[in-house]
Engineer: 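The structure that follows is given in the form of structure tokens.
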Amino acid sequence: MPDTPGISRRTFGGLVGGGAVTAAVAGPAVAPSAAAAPAGRNTAERPFRARTGGRPGRRPNILFILGDDLGWADLSSYGSPHIRTPHLDRLAAQGVRFTDAYAGSATCSPTRFSLYTGRYPGRTPGGLAEPLGNRVQGLDPRHPTLASLLKRAGYATALIGKWHCGWLPDHSPTRSGWDEFFGNFGGALEYFSKLGQFGDYDLYEGDATYEDLRYYTTVLTERAVEYVGRDHGRPWLLNLNFTTPHWPWLTEDDGETGEEIAARIRSGNALGALLHRDGGSVEKYREMVESLDASVGRVLAALRRSGQEEDTLVVFASDNGGERFSYQWPLSGAKSGLLEGGIRIPTVLRWPARVDGRQVSHEPVFSPDWTATLLEVGGARPDPAYPLDGHSFADYLLRGRDLPERDLFWRVRGNRALRRGDWKYYRDAAGRDHLFHLAEDVREQADLAAVRPDLLAELKSAWEEVDSGLLPYPAA
């Protein structure tokens, strides 16, 4: 281990994982732009410490922004050498950057189930799909959600963007606690025509189609800018779910390519066309991520103009690990699998009224934890009939208390994983069990299963205990 005074071995491992050794010790790993680092301010991150001693203020507005298939190191503040994300870097600099944050699953819809319910995807039938790909399954409207519980506590609620937790007529955000919905129901769509995975038009306001053939990221950004700029009169929750940078690989300048994809969708090969296997590039992906960054910047600027910035808790994250053009070094794996590259995600939090900026946290957290945390800070109670699997870390963020020792659990067809502290149990698609020490081996190349068979057995047993309480997968 390098001789780095004042930094423990565990913290050093987290810094390597965060692509931020330089940032934490001597400044940013990537030189920030003027937008990312206001002139005259120290750019070095420091280990997270709660701002204690202050008096609790008003309940915050909550703006939870999801990118789609954004890789863990696709932001310049996470180490990307070629993608510039000044607005998201500035958001991180104004709050806390999490190096060991995880999605609730390895694909789109189960992670959304875990975020909306605060529970493992395998608690509900719709969460067993990886991802959801038929019109029958979805999030049961009777199941309490982040939105329905906050709404009961007096919040206005809205979801703008990708839902991917079921289709009409039975499943919709407006049936699950969101007052307003503007976006798409499916997992992917062509960015201009709005043709989705079943070949039909997929842009809705509420339960009615809404015609707008402009670039989808722009349309969502405009709607989000309008929402945060309103005079709400009460605290609000906005889930802003971009489809960027999910395939097909299109930017605002690619209308002609978009029409070619739309024509293939109309010919009857919707999913094949949307997968866009014959398109995309590292450069095109860079343009998409930078477009996402600019859109987030527009929404945050609108929030600032509205005078609500101080009392709005903003979280930015991805819904799972990166896809074929993502930059994820040094992680192994990608979307759909449970190696770190499939589930570790960039995550930043900003709440000026309660949390100081220029901080970095190496504590492991995942999607259901955010549900529990946001419910607590919003003054909402979980439904005891649907106990949460996530743990609130409001005490950690606001009162300086240690996070409780607990396991993070994942299950997908063909993979299993459990993280306890710095140790990770992983079963691959061939049924082989592995044991990794993430603080020293974030790339998951040094398998310690034969060295620590006792610990492997302990973590495997812990995984199987959780699994025994979940719904079984239906026969393939």
Engineer: For F185 and H164, I'd like to know if the aromatic rings sit close, meaning centre-to-centre distance below 6.0 Å.
Structural biologist: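 No - the distance between ring centres of F185 and H164 does not fall below the 6.0 Å cut-off.
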Engineer: Is the ring centre of W410 less than 6.0 Å from the ring centre of Y425?
Structural biologist: no
Engineer: Testing the basics here: between S361 and Y396, what is the closest heavy-atom pair and its distance to 0.1 Å?
Structural biologist: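 In terms of heavy atoms, the two residues are closest at OG-OH, 2.7 Å.
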Engineer: Using 4.0 Å as the upper bound for N to carboxylate O, is an ion pair formed by E226 and R223?
Structural biologist: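 Not counted as a salt bridge, because no side-chain N and carboxylate O are separated by less than 4.0 Å.
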Engineer: If you compare all heavy atoms of L75 against all heavy atoms of P346, which two are closest, and at what distance to 0.1 Å?
Structural biologist: CD1-CB, 4.0 Å
Engineer: Hey, would you say the H232 and Y227 ring centroids sit under 6.0 Å apart?
Structural biologist: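 Yes, the ring of H232 comes within the 6.0 Å limit of the ring of Y227, centre to centre.
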Engineer: Considering only NZ, NE, NH1 and NH2 on the basic side and carboxylate oxygens on the acidic side, decide whether E45 and R358 come within less than 4.0 Å.
Structural biologist: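 Judged by the 4.0 Å cut-off on N to carboxylate O distance, E45 and R358 do not form a salt bridge.
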Engineer: Taking only Lys NZ, Arg NE, NH1 and NH2, and the carboxylate oxygens of Asp or Glu, determine whether D68 and K335 approach each other closer than 4.0 Å.
Structural biologist: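 A salt bridge is absent here (no side-chain N lies under 4.0 Å from a carboxylate O).
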Engineer: For residues Y120 and F409, establish whether the separation of their ring centroids is below 6.0 Å.
Structural biologist: yes
Engineer: Check N320 against C108 and note the closest heavy-atom contact, atom names and distance.
Structural biologist: OD1-N, 3.2 Å
Engineer: For residues 295-303, run the donor-acceptor check on the side chains, cut-off 3.5 Å, and write out each pair with its distance to 0.1 Å, sequence neighbours left out.
Structural biologist:
from	atom 1	to	atom 2	distance (Å)
S295	OG	T221	OG1	3.0
S295	OG	S291	O	3.3

Engineer: With the threshold set at 4.0 Å, does a side-chain nitrogen-carboxylate oxygen contact exist between E211 and K194?
Structural biologist: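 K194 and E211: not salt-bridged.
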Engineer: Please determine whether a side-chain nitrogen of the Lys or Arg among D100 and R419 lies less than 4.0 Å from a carboxylate oxygen of the Asp or Glu.
Structural biologist: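 Looking at R419 together with D100, the answer is yes, because their closest N to O distance falls below 4.0 Å.
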Engineer: Once the angle between the rings of W423 and H437 is folded into 0 to 90°, is it parallel (under 30°), tilted (30 to 60°) or perpendicular (over 60°)?
Structural biologist: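 The arrangement is perpendicular - the two ring planes meet at more than 60°.
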Engineer: On the 0 to 90° scale, with breaks at 30° and 60°, tag the W370-F393 ring pair as parallel, tilted or perpendicular.
Structural biologist: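 Geometry flag for F393 against W370: perpendicular rings.
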Engineer: When you measure from the side chain of R214 to the backbone of E252, do you find a donor-acceptor pair of N or O atoms at a distance under 3.5 Å?
Structural biologist: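 No, the answer is negative, given that no donor and acceptor are paired below the 3.5 Å cut-off.
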Engineer: Please determine if K424 and E444 form a salt bridge, counting it only when a charged side-chain N lies under 4.0 Å from a carboxylate O.
Structural biologist: yes
Engineer: Give the ring-plane orientation class for Y191 versus Y215, where under 30° counts as parallel, over 60° as perpendicular and anything between as tilted.
Structural biologist: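 The arrangement is parallel - the two ring planes meet at less than 30°.
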Engineer: Minimum heavy-atom separation for I62 to Y155, with atom names?
Structural biologist: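 In this case the closest contact between I62 and Y155 is CD1-CE2, 4.3 Å.
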Engineer: Measure from the ring center of F182 to the ring center of W163 and say whether it is less than 6.0 Å.
Structural biologist: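 No - the distance between ring centres of F182 and W163 does not fall below the 6.0 Å cut-off.
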Engineer: Can you name the nearest heavy-atom pair linking A334 to G322, along with the distance?
Structural biologist: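 That closest heavy-atom pairing would be CB-O, 3.4 Å.
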Engineer: Taking 4.0 angstrom as the limit, do E180 and K151 come out as a salt bridge?
Structural biologist: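 The answer is no: the pair does not qualify as a salt bridge.
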Engineer: Is D311 salt-bridged to R354, going by a charged N under 4.0 Å from an acidic O?
Structural biologist: no
